[in-house]
Amino acid sequence: MAAPAQHVTMPQSDEERLDLSGMAIGELRVSQLGGLRGLRTLVLRHNVLRALPPLEGSPLLESLDLSHNELAELGPEVLRGCARLRWLDCAHNCLAALPVLTGCWQLQALRLDHNAISSLESAPHHLPLSLAQLSLRANALRSLQQLRFLASLSSLAALELAPNPLCAEADERNVSLRPFLAFLGPALAAVDRRLLSEAERAQAARLFADRRAPS
């Protein structure tokens, strides 16, 4: 069970950073966050949050750390008013689907490591085109076909995938995963913290010319 909500003392509205990590917080209310209009960085890691209220009362928010909580979803209402958000960490939660981030059109980096995400089908609709860094390590992605939904992320330059079940599938089917990802994302420069080589890009160019993808 989630721990009961702890008493949280909120800062004055002109403060830009709030760190509430490791306080066993199980609930945040809209009324607690309403006065934080100047907030730019919010750290909520290592709590027991299962849900978040809408954060539209913090329109200047640029960095949000939600890692190591118990979040099962991040719906469209939570970050709808956070158009300036650039960095979001949702690692080590219980997310079964991608968060809905359509209002975060300046988002640059998104961490989703160690969740239970099994589908990327919503990526074209729920992830912003501005996204340059995406980490999906240690999720439940099993099918190589899921990767094709990342092709909509035209600015994606760095992607982390391993370990996921689809990595083992690629090995079993003798599919060269890194060139295939380069084929899907021409802007991609690094996969799993390793730069794509010229040889891998050349192989991707051949895949692109043939217009083939694993079935």
Side-chain angles (χ1 to χ4, degrees), residues 1-11 17-36 39-59 61-82 84-104 107-123 125-128 131 133-143 146 149-150 159-167:
M1 295 180 59
Q6 302 297 306
H7 177 72
V8 178
T9 301
M10 293 299 177
R17 189 176 192 278
L18 176 61
D19 189 342
L20 299 175
S21 58
M23 295 181 63
I25 299 170
E27 179 183 6
L28 283 176
R29 297 183 293 275
V30 173
S31 59
Q32 290 176 297
L33 300 172
L36 305 179
L39 195 65
R40 296 182 184 273
T41 299
L42 177 58
V43 182
L44 292 167
R45 63 175 176 258
H46 290 286
N47 282 292
V48 286
L49 291 166
R50 291 189 172 184
L52 279 180
L55 298 180
E56 56 191 11
S58 301
L61 193 65
E62 297 177 354
S63 176
L64 176 59
D65 189 345
L66 301 172
S67 63
H68 297 272
N69 275 282
E70 299 177 6
L71 296 171
E73 65 175 353
L74 208 59
E77 71 286 347
V78 177
L79 297 174
R80 181 178 293 136
C82 299
R84 296 195 181 190
L85 192 67
R86 294 180 179 273
W87 188 86
L88 175 60
D89 191 345
C90 296
H92 294 271
N93 274 280
C94 305
L95 298 175
L98 294 173
V100 183
L101 304 173
T102 47
C104 305
L107 190 69
Q108 295 288 308
L110 174 61
R111 285 194 64 213
L112 296 170
D113 311 343
H114 295 273
N115 278 283
I117 297 168
S118 61
S119 174
L120 301 176
E121 188 171 355
S122 63
H125 310 291
H126 292 171
L127 300 185
L131 195 61
Q133 301 174 38
L134 175 61
S135 185
L136 290 161
R137 295 184 301 116
N139 274 279
L141 297 168
R142 298 184 179 281
S143 171
Q146 290 297 320
F149 296 111
L150 298 179
L159 175 65
E160 294 185 40
L161 274 177
N164 264 286
L166 62 79
C167 299

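Side chains included, hydrogens not; waters and symmetry mates left out as well; all remaining heavy atoms used.
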Can E62 and T41 be counted as having a side-chain donor-acceptor contact under 3.5 angstrom? no
Quick check: do L61 and R84 have side-chain heavy atoms less than 4.5 Å from each other? no
Minimal heavy-atom distance between S119 and L141, with the atoms involved, is N-CD2, 3.8 Å
Approximate separation, where rounding is to 0.5 Å, of L136 CG and N115 CG: 9.0 Å
Are P99 and L112 side-chain neighbours, meaning at least one heavy-atom pair lies under 4.5 Å? yes
At what distance, to the nearest 0.5 angstrom, does CG of L42 lie from CG of D65? 8.5 Å
Within the supplied structure, the quantity of interest is the number of heavy atoms (other residues, nucleotides, ligands) at a distance under 6.0 Å from Q146 CD; does it exceed 12? yes
Would you indicate whether the side-chain heavy atoms of E56 and E77 approach each other to under 4.5 Å? no
Sequence neighbours left out, what passes side chain to side chain contact (heavy atoms under 4.5 Å, CB included) with A109? Give chain and number order. W87, Q133
Min side-chain heavy-atom separation C104-L88 under 4.5 Å: no
Gap between atom CZ of R40 and atom CZ of R17 - 0.5 Å precision: 14.0 Å
Search all heavy atoms of R111 against all heavy atoms of D89 and return the closest pair with its distance. NH1-OD2, 2.9 Å
SG on C167 to CZ on R137, rounded to 0.5 Å: 11.5 Å
Can you confirm whether more than 12 heavy atoms, excluding those of E121, are under 6.0 Å from its CD atom? no
As an exercise, state the distance from OG of S67 to NE2 of H92, rounded to the nearest 0.5 Å. 7.5 Å
Give me the one residue out of H68, E70, E27 that meets side chain to side chain contact (heavy atoms under 4.5 Å, CB included) with V48. E70
L150 and L134: CA distance, side-chain angles, deciding distance, side chain to side chain contact (heavy atoms under 4.5 Å, CB included) verdict: CA-CA 10 Å; L150 298 179; L134 175 61; 4.0 Å; yes
Is the side chain of N47 donor-acceptor paired with the backbone N or O of M23 at a distance under 3.5 Å, no angle test? yes
Looking only at heavy atoms, what is the nearest atom pair of N93 and L71, with distance? OD1-N, 2.9 Å
So, do L28 and L44 sit near enough that their side-chain heavy atoms are less than 4.5 Å apart? yes
4.5 Å side-chain heavy-atom contact, L55 and L85: no
For C82 and S58 the tightest heavy-atom approach is SG-O, 4.3 Å
Between C90 and L74, which heavy-atom pair has the shortest distance, and what is it? SG-CD2, 3.9 Å
Over all heavy atoms of both residues, which pair between S21 and D19 is shortest? Give the atoms and the distance, please. OG-OD1, 2.7 Å
Which value, rounded to the nearest 0.5 Å, describes the distance between L166 atom CG and L120 atom CG? 8.0 Å
